[in-house]
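Read through the structure below, which is laid out as C-alpha cells, and then see the notes.
Count residues from 1 along the sequence.
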Amino acid sequence: MRQIIIAFALVLSATSISFAECPYDANCLNNPYGAGSPYKPNGLMNPHSQNGSPYSNKSWRNPYATDAPKLYDEDGKYRGKLSTNPETLGT
C-alpha cells in the first residue's frame, strides 16, 4: 500500500496538477468550484462520475481500474495514468 501511495504522489508531482499551487485555477483539483468540484459531471472528485467513482473502470479511485484517466504535462507529453492500480502506473 505504501508503494501505491508513493507512486501516486510521484505521478501527481510530475504533472501540472497541483493541490497547493492553484486554488483559483478552473482546472485545478484544489478548486472546489472548478475541476475539484464534487458535483462536476465527469470530475475526478465526483464519487458518482465515471472518473471519480470507486467502482468505475475509468476512475483513479478504483484500485482495479485498467482504463484510468491519462496524465499529460503542459506541453502535451503523456506522463502516465492517474491511478491507484500499481499495474497501470506509467503505462
Side-chain angles (χ1 to χ4, degrees):
M1 182 65 158
R2 182 180 168 146
Q3 291 175 339
I4 293 172
I5 293 170
I6 291 171
F8 185 68
L10 289 173
V11 168
L12 284 178
S13 68
T15 68
S16 62
I17 297 173
S18 174
F19 288 100
E21 296 178 15
C22 57
Y24 304 109
D25 184 352
N27 295 317
C28 183
L29 292 177
N30 198 31
N31 182 345
Y33 304 105
S37 171
Y39 307 108
K40 188 173 179 182
N42 63 347
L44 294 172
M45 305 310 270
N46 181 348
H48 305 289
S49 76
Q50 69 176 356
N51 294 323
S53 168
Y55 308 107
S56 171
N57 190 43
K58 297 180 181 243
S59 175
W60 69 276
R61 293 183 183 189
N62 181 351
Y64 304 105
T66 57
D67 192 21
K70 296 176 181 173
L71 297 172
Y72 297 90
D73 64 16
E74 57 274 355
D75 297 324
K77 184 177 178 185
Y78 178 70
R79 294 297 187 172
K81 293 184 178 181
L82 179 61
S83 176
T84 54
N85 183 345
E87 294 183 19
T88 63
L89 293 175
T91 60

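Listed by chain and residue number, nothing satisfies the side chain to side chain donor-acceptor pair (under 3.5 Å) test with Asn31 (two or more places apart in sequence, or in another chain). Among residues two or more places apart in sequence or in another chain, the salt bridge (charged side-chain N to carboxylate O under 4.0 Å, His left out) test is passed with Lys58 by Asp67.
Taking each heavy atom of Ala68 and Ser59 in turn, the nearest pair found is CB-O, 4.3 Å. Heavy-atom minimum distance, Pro47 versus Pro38: CD-O, 4.2 Å.
Interatomic distance, Trp60 CH2 to Met45 CE, rounded to the nearest 0.5 Å: 5.5 Å. Rounding to the nearest 0.5 Å gives a distance of 10.0 Å between OH of Tyr39 and OH of Tyr33. Atom CG of Leu71 and atom NZ of Lys77 lie 13.5 Å apart (nearest 0.5 Å).
Screening residues 28-53 for salt bridge (Lys or Arg N to Asp or Glu O under 4.0 Å) gives no qualifying pairs among residues at least two apart or on separate chains.
Panel note: side chain Ser49, backbone Asn46; a donor-acceptor pair is recorded below 3.5 Å. A donor-acceptor distance shorter than 3.5 angstrom exists from the side chain of Asp73 to the backbone of Asp75, with no hydrogens or angles considered.
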For this session: Would you sort out whether Asn85 and Asn62 count as a side chain to side chain contact (heavy atoms under 4.5 Å, CB included), showing the intermediate values?
Result: CA-CA 7 Å; Asn85 183 345; Asn62 181 351; over 6 Å; no

